[in-house]
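In each ligand, atom 1 is the first atom listed, and ligand 1 is the first ligand listed.
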Amino acid sequence: MFDSFFRRKDHEERVRQEGRLPPGQALTQKFPVLHYGQVPPFNPATWDFRVWGEVEKPGRWTWDEFNQLPRASLKMDIHCVTRWSKFDTLWEGVLVRTLLEQGAIKLLPEAKFVMQHAEYGFTVNLPLEVILQENFLLATHYDGQPLTPDHGYPLRGVVGAIPNRDDLSTPYFWKGAKWLRGLEFMPRDRRGFWEQAGYHNHADVWKEERFG
Ligand SMILES: Nc1nc2c(c(=O)[nH]1)N[C@H]1C(S)=C(S)[C@@H](COP(=O)(O)O)O[C@H]1N2
Ligand SMILES: [Mo]
């Protein structure tokens, strides 16, 4: 037990020296589960993923279709507003920027912000440019395995820090919706669930934008 405490402190000191530990954060080796409400059931026969709003044509993918989209793997450091950080987490899924590059989603020029819509009406907002960054992924897998129900199975948004990519803005981990069902492209910003509850709208981990 003391052993694992010192191992964690060593690891924390290393990422701190590498400039990867944002202010007010501490390293965790666990993967805490945080959300409002219940874990929803998943039915692959009725599940779909939709895009709408400022797009040329609304899109819809069934679970089978979603799994045929081009995939990407991503290693990121994730930073939770409740002050835990987890380093070198491994995710797999679909980049929104790929869907644009491949023409699967065609945006109208008015699209400036994106609302992630999840089961039970949960929402999270981000600027379009963040959703299109390489550190935002529509993730189906964590650490080589399908997401667990607690962490958002079958699909969630994830956002984190890619080491040495200071060009990418890095919001806190709550800016990825678990049990994600759709993306709404919006001309103006609207606040999501936690943003309406008092969390910061921009949520930059380096600026400690925790509460609004
Ligand atoms: N659908 C949904 N997604 C959500 C939330 C939620 O309440 N509902 N909470 C957010 C918050 S506050 C955090 S910190 C992360 C936690 O993700 P985790 O449980 O995988 O650690 O999920 C985010 N995504
Ligand atoms: Mo959170």
Side chain of Arg191, backbone of Asn125: donor and acceptor closer than 3.5 Å? no
Can you give me the closest heavy-atom contact between [X] and [Y], atom names plus distance?
| X | Y | answer |
| --- | --- | --- |
| Leu34 | Cys80 | CD1-SG, 3.6 Å |
| Phe87 | Arg20 | CE2-O, 3.1 Å |
| Thr28 | Lys86 | O-CG, 4.0 Å |

Atom 9 (N) of ligand 1: of Trp194, Tyr199, Trp179, Tyr120, the nearest heavy atom sits on Trp194
Phe122, Phe173, Phe193, Tyr142: member with heavy atom nearest to atom 4 (C) of ligand 1:
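Minimum heavy-atom distance to atom 4 (C) of ligand 1 goes to Phe122.
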With heavy-atom distances below 4.0 Å as the criterion, list the atoms of ligand 1 near [X].
| X | result |
| --- | --- |
| Pro32 | 18 (P), 19 (O), 21 (O) |
| Trp84 | 21 (O) |
| Phe31 | 20 (O), 21 (O) |
| Ala118 | 1 (N) |

**Asked** Are Tyr172 and Phe136 joined in one hydrophobic group, where the rule is that I, L, V, M, F, W and Y side chains link up if heavy atoms are under 4.5 Å apart?
**Response** no
Practice item. Tell me which part of Tyr172 gets within contact of ligand 1: side chain, backbone, both or neither, using heavy atoms under 4.0 Å. Key: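 Answer for Tyr172: neither.
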Which protein heavy atom lies closest to [atom], and at what distance to 0.1 Å?
| atom | result |
| --- | --- |
| atom 15 (C) of ligand 1 | Leu34 O, 3.9 Å |
| atom 23 (C) of ligand 1 | Gly176 O, 3.3 Å |
| atom 19 (O) of ligand 1 | Lys178 NZ, 2.5 Å |

Report yes if some heavy atom in the side chain of Asp143 is under 4.5 Å from a heavy atom in the side chain of Phe31; otherwise report no.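 Not in contact.
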